[in-house]
K.L.:
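Sharing a structure below in structure tokens format, with a few things to ask.
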Amino acid sequence: QVQLVESGGGLVQAGGSLRLSCAASGLTLSSYHMGWFRQAPGKEREFVAVNSRWSGGTTYYSDSVKGRFVISRDSAKNTVYLQMNVLKPEDTALYYCAAKSGALTYATGSSRYAYDYWGQGTQVTVSS
């Protein structure tokens with residue numbers, strides 16, 4: 001049974017940082033591209049970042065987080081991370097990690113419909 005468990009969310013002031021973790025079980029990270037999405041109240045789930053399953057492979061970011069967020073993975077721990085810096089109130093959302101098989105392009109990696117497995121989410125709240 002595949003499980004993705006996010007952690008690390010919380011309340012932070014604008015300009016601060018948080019690191020989210022996504023621990024995977026029942027799958028091997030090297031077999032999946034791993035992505036982060038977020039959903040604010042009343043809004044659709046939106047793409048944040050995706051990291052290719054191949055070592056040294058492609059990473060894509062949404063324009064809204066590019067330069068501030070960094071996605072990474074530790075295959076030994078079967079865990080994916082999202083380092084979030086210079087946080088803004090508009091980053092407030094429930095953050096989800098997801099696993100995707102198959103090919104990776106920006107189009108497929110940024111589409112929530114292309115992912116096979118999802119976690120339950122971790123809340124990030126940024127105060128102004």
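Positions are given from 1 along the sequence. Hydrogens, waters and symmetry mates play no part in the numbers below; they use all other heavy atoms, side chains included. All figures in this text were calculated on a predicted structure; none of them were measured in a lab.
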K.L.:
Can you tell me how far apart CH2 (W36) and CE (M84) are? Round to the nearest 0.5 Å.
P.N.:
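CE of M84 is found 8.0 Å from CH2 of W36.
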K.L.:
Does K66 have any salt bridge (charged side-chain N to carboxylate O under 4.0 Å, His left out) partners at least two apart in sequence or in another chain, and if so, which?
P.N.:
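Partners of K66 under the salt bridge (charged side-chain N to carboxylate O under 4.0 Å, His left out) test: D63.
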K.L.:
Please confirm whether the backbone N or O of Y95 pairs with a side-chain atom of T122, one donor and one acceptor, at under 3.5 Å?
P.N.:
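No; judged by distance alone, with no hydrogens or angles, the pair does not exist.
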K.L.:
Please confirm whether the backbone N or O of C22 pairs with a side-chain atom of E6, one donor and one acceptor, at under 3.5 Å?
P.N.:
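Answer holds: no.
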K.L.:
Test your reading of the model: is there a side-chain donor-acceptor pair from N51 to the backbone of T58, 3.5 Å cut-off?
P.N.:
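A pair under 3.5 Å: no.
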K.L.:
Find the distance between OG (S52) and CG (L104) and round it off to the nearest 0.5 Å.
P.N.:
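So the gap between those two atoms works out to 5.5 Å.
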K.L.:
Ignoring hydrogens and geometry beyond distance, is a side-chain donor-acceptor pair present between T79 and D74 at under 3.5 Å?
P.N.:
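There is no such pair between these side chains.
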K.L.:
Exactly one of F69, Y61, Y115, Y106 should register a ring pair (Phe, Tyr, Trp, His ring centres under 6.0 Å) with F47. Which one does?
P.N.:
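Single pass found, and it is Y106.
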K.L.:
Can you find a heavy atom in the side chain of I71 that is under 4.5 Å from one in the side chain of Y81?
P.N.:
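They are not in side-chain contact.
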K.L.:
Has the side chain of H33 got a donor or acceptor atom that lies under 3.5 Å from a matching backbone atom of G102?
P.N.:
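A pair under 3.5 Å: yes.
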K.L.:
Taking CD in Q120 as the centre, count heavy atoms belonging to other residues, nucleotides or ligands within less than 6.0 Å. Is the count above 12?
P.N.:
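Check fails, neighbour count at 12 or below.
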K.L.:
Answer yes when E46 and R112 have at least one side-chain N-carboxylate O distance shorter than 4.0 Å, and no when they do not.
P.N.:
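Salt bridge between E46 and R112, a charged N being under 4.0 Å from a carboxylate O: no.
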K.L.:
Are the side chain of N78 and the backbone of L27 linked by a donor-acceptor contact shorter than 3.5 Å?
P.N.:
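Looks like yes, one N/O pair under 3.5 Å.
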K.L.:
On the ring face of W118, is R45 found with NZ or CZ under 6.0 Å from the centre and within 45° of the axis?
P.N.:
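Judged by the rule (NZ or CZ under 6.0 Å from the ring centre, within 45° of its axis), R45 counts as positioned above W118.
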K.L.:
Check salt bridge (charged side-chain N to carboxylate O under 4.0 Å, His left out) between R68 and all other residues, then give those that pass, not counting sequence neighbours.
P.N.:
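Applying salt bridge (charged side-chain N to carboxylate O under 4.0 Å, His left out) to R68 gives D91.
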K.L.:
Is a side-chain N or O of T105 found less than 3.5 angstrom from the main chain of T108, in a donor-acceptor match?
P.N.:
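Yes; at least one donor-acceptor contact below 3.5 Å.
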